[in-house]
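In what follows, a structure is listed as structure tokens, so that the remarks can point back to it.
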Amino acid sequence: MRRWAETASDVAATTRTSEKVARLGAYLRALDDASLRVACVFLTGRPFPASDPRTVGTGWAAVQAAVERAAEVGPGAFGAAYDRSSDPGRATHELLVQRDARRVARGEGGGGGVEHGPRARAGGLEAGGIEPGGGVAGPGADNQPRGGVAGPGAGNQPRGADAGSEADNQPRGADAGPEADNQPGGPGPGPTLPEVQAAFAEMVAARRPAARIDRLVALLDRLDPLGAMYVVKVLSGDLRIGLRGGLLEAAIAAAFGRPLEDVQRAMMASGDVGEVAVLAREDRLAEARPALFRPLLPMLASPAGDAAEIADRLGPPLWAEDKYDGIRAQLHKLGSDVRIFSRDLHDITGQFPEVADAARAMPWDGILDGELLAMEEGRILPFARLQNRLGRTAPGPEVLAAVPAGYVVFDAIALSEGEPAPRDVRSLSVAGSVSREVRPLLGLPLAERRTRLESLALPDRIILGRLEHPVSAVELDAAFDAARSRGNEGLVVKDPASGYTPGRRGLAWLKLKKALATLDCVVVGVEVGHGKRHGVLSDYTFAVRDDRPGREGQLVTVGKAYSGLTDREIAEMTRWFEAHTLRRMGRYRLVEPTVVVEVAFDRVQPSARHASGFAMRFPRIARLRPDKQPSEADSLSAVAALAR
DNA sequence: GTTACACTTGGTC
DNA sequence: ATCGGACGAATTCGG
DNA sequence: CCGAATTCGTCCGATGACCAAGTGTAAC
């Protein structure tokens, strides 16, 4: 684990992708198979392969508790350290380094933990200089303002410099050399990669949060600060070393001298980088082929600005499919065996039993790509309805009746019917055995795949996606309007000659969505960003004017947004908000409600989250409106009208 | 002991 | 989901 | 025709709102 952590630090130390790939390739080459598997998986920022459904169940709160215990500090210390770096891994590193320094100062060799009293309830508000915000502000934690953010409060003076710690580099381990002496868990090199993963597996098995925290503390105790930092990074799913799937594939190819294409192809079929790396070393990449009941990553579409751009890029033969607002799903079938997989390769068959049942009756075998929707008597229901079904592992009869699901198919990845596939395309296997008739269609042009798809008789609940053939940007616009009028999101326009490339966001599929609506809102609160946005106020909570009788003039929040501004604009706004902070509340601050921004969003939906009673889907700052006064911001009734 | 609620986590767009 | 930023390869421009 | 400048493709990181399940705790 130590070498892995050092390599990760090396990779983080450069922004040049070629250098990242080279450093990583050299490291991977030297590993044995077991370590190689785990090393690659960890490099994707996850504890287990993508196709592995296990989750460790340690989010921000659990990590906080475990690190505070391992570092022998009181509650709140992790939050405070987090506020200094906005990175849970770095916060861990900092606290453990301090712990080791204390031990050295006390002249301890290695030794047992020091007992400190039972932790007070986290989240209790800690008074004091920099209020750490305790457990409330982790990434993903709901920390939104709820009440009316109306009037300006007492004007607390914004304090001095906070932006000071800018230059701190990623902690590096390389300089330290072997430091086996100071290891709390006893002497020795620390746990190996497989041992760390085994510890993660134990955390999964422990089930109860308290037990998971215990295991995590035990693991952290066996690691040096750098290793602990990366364990926390892996657990929080965020490596932040500028390397993910794409570059990792390149590193694997470089490590073992295989063509990048071969590695990519193997990845498409596998969903397990570690396995692919081992195959790459042994020159067995060709063995990773699509197989029934082993999900492939879905092919993705690139966003497009307008019809003209699409017509320009794809040229005359345009295939425009309706873009349905549901969840992406891949359906595998062999005989009466049916499995449905989500976009991230998890088995969600149990969540959609009626769809699986419908598919079971079909006379074909193979793999289909499509979208799961809430559907009632052929009518497509809005996404919000479908959300009631999502994550429901075993929906009861009431739920099934209230939100019936259906499946819209738009592609065939493998099928048992149709003409024989080209000779070089081999049959799909199931658990190693070859099933005679099911062939992958990945390499065939979309037009061909669609023909085969259309030859299938489909049952109730499973319908074919709508396809049109506009020949110009004008017709494309008309098709778009028609799709919108059918209640769909827009279009996905495809090149009929293109093959199916799993997991890739190529330019063969372009999606066209409605131009976003916008509202002028007043910024009422700001927050410190995370990761590289640490040190700037990058996250804005904004509000509209309440125009309900008796509340005129109040501001009610409608959303939060972080993106849309350039780094330069964020820096400027940071300076301004620093000087116009009304009150600091941990990471959150109330600011003078004077800045007007134009916020773009996909749609407005009813919400219990914001004081306005509405929230935005995909909010984004479209632009600053320095020309506007807060009194010119849009009103609550305007929002309500948009929610319709 | 039972029930209700809050918090945490993970996963969808 | 979305967006901005960064890198590197491909393409165009300037001499 | 070659090197410099620009464009394009692709990747990475940071972040929104919603919902359900499972634990843990408080209230009865």
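Residue numbers start from 1 in every chain, and the chains themselves are labelled A, B, ... in the order their sequence lines are given, proteins ahead of strands.
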For A/Phe410 and A/Tyr324, I'd like to know if the aromatic rings sit close, meaning centre-to-centre distance below 6.0 Å.
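That pair fails the under 6.0 Å test.
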From the list D/dG16, D/dG24, C/dT2, which nucleotide is the closest neighbour of the side chain of A/Ala210?
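Nearest to the side chain of A/Ala210 among the choices is D/dG24.
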Nearest listed nucleotide, side chain of A/Asp344, among C/dG5, B/dT12, C/dG8
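Selected nucleotide: B/dT12.
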Less than 6.0 angstrom from the centroid, inside 45 degrees of the normal: does A/Arg212 satisfy that with respect to the ring of A/Phe200?
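The answer is no, since A/Arg212 fails at least one limit relative to A/Phe200.
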List in numerical order all residues of residues 202-209 of chain A for which some heavy atom is under 4.0 Å away from an atom belonging to DNA chain D.
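Close to the strand are A/Arg207, A/Arg208, A/Pro209.
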Would you call A/Arg313 and A/Glu309 a salt bridge, taking side-chain N to carboxylate O under 4.0 Å as the test?
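A/Glu309 and A/Arg313: salt-bridged.
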Decide, yes or no, whether a salt bridge links A/Glu202 with A/Arg207 under the criterion of side-chain N to carboxylate O below 4.0 Å.
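A salt bridge is absent here (no side-chain N lies under 4.0 Å from a carboxylate O).
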Heavy-atom check, side chain of A/Val639 versus side chain of A/Asp634, under 4.5 Å:
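When only atoms from C-beta onward are counted, A/Asp634 and A/Val639 do not touch, as no gap falls below 4.5 Å.
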Phosphate-side-chain proximity, [X] and [N], N/O vs OP1/OP2 below 4.0 Å:
X	N	answer
A/Arg244	D/dG13	yes
A/Ser538	D/dT15	yes
A/His610	D/dA17	yes
A/Arg609	D/dA17	yes
A/Arg240	D/dA14	yes
A/Ser607	D/dC18	yes
A/Thr17	C/dG8	yes
A/Lys511	C/dT2	yes

Please work out if [X] contacts a base, only the sugar-phosphate, or nothing of the nucleic acid, heavy-atom cut-off 4.0 Å.
X	value
A/Leu247	sugar-phosphate
A/Asp602	nothing
A/Leu565	sugar-phosphate
A/Phe618	base
A/Lys513	sugar-phosphate
A/Ala384	nothing

Let me know the distance between CD of A/Gln605 and C1' of B/dT12, rounded to the nearest Å.
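Taking atom C1' of B/dT12 as the reference, CD of A/Gln605 is at 12 Å.
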For a quick check under 3.5 Å, do A/Arg587 and A/Ser86 share a side-chain donor-acceptor pair by atom type?
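Short answer, yes.
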Which is more 5' along DNA chain B, the nucleotide nearest A/Gly59 or the one nearest A/Asp325? Just name the residue.
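Mapping each residue to its closest nucleotide by heavy atoms, the 5'-most match is A/Gly59.
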Along DNA chain D (nearest heavy atom to each residue), the more 5'-positioned of A/Asn388 and A/Gly245
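Closest to the 5' end, via its nearest nucleotide, is A/Gly245.
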Return a table of donor-acceptor pairs under 3.5 angstrom between the side chains of residues 387-394 of chain A and protein atoms on other chains or two or more places apart.
residue	atom	partner	partner atom	Å
A/Arg389	NH1	A/Glu354	OE2	2.8
A/Arg389	NH1	A/Val403	O	2.7
A/Arg389	NH2	A/Gln351	O	2.8
A/Arg389	NH2	A/Glu354	OE1	3.0
A/Arg389	NH2	A/Glu354	OE2	3.4
A/Arg392	NE	A/Asn388	O	2.7
A/Arg392	NH2	A/Asn388	O	3.3

Donor-acceptor contacts, no H, no angles, side chain residues 505-522 of chain A, under 3.5 Å, sequence neighbours left out:
residue	atom	partner	partner atom	Å
A/Arg505	NH1	A/Ala301	O	3.0
A/Lys513	NZ	A/Glu489	OE2	3.2
A/Asp520	OD2	A/Lys628	NZ	3.0

Answer yes or no: side-chain N or O of A/Tyr562 and base N or O of C/dT2 forming a donor-acceptor pair under 3.5 Å.
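Indeed, a donor on one side and an acceptor on the other fall under 3.5 Å apart.
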Does A/Phe341 have any ring pair (Phe, Tyr, Trp, His ring centres under 6.0 Å) partners at least two apart in sequence or in another chain, and if so, which?
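Checked A/Phe341 against ring pair (Phe, Tyr, Trp, His ring centres under 6.0 Å); matches are A/His332.
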Within the sub-3.5 Å range, which N or O atoms of nucleotides 3-8 of chain D have a protein N or O partner, and how far apart are they?
none

Applying salt bridge (charged side-chain N to carboxylate O under 4.0 Å, His left out), can you list everything that pairs with A/Arg244, at least two apart in sequence or on another chain?
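Checked A/Arg244 against salt bridge (charged side-chain N to carboxylate O under 4.0 Å, His left out); matches are A/Asp238.
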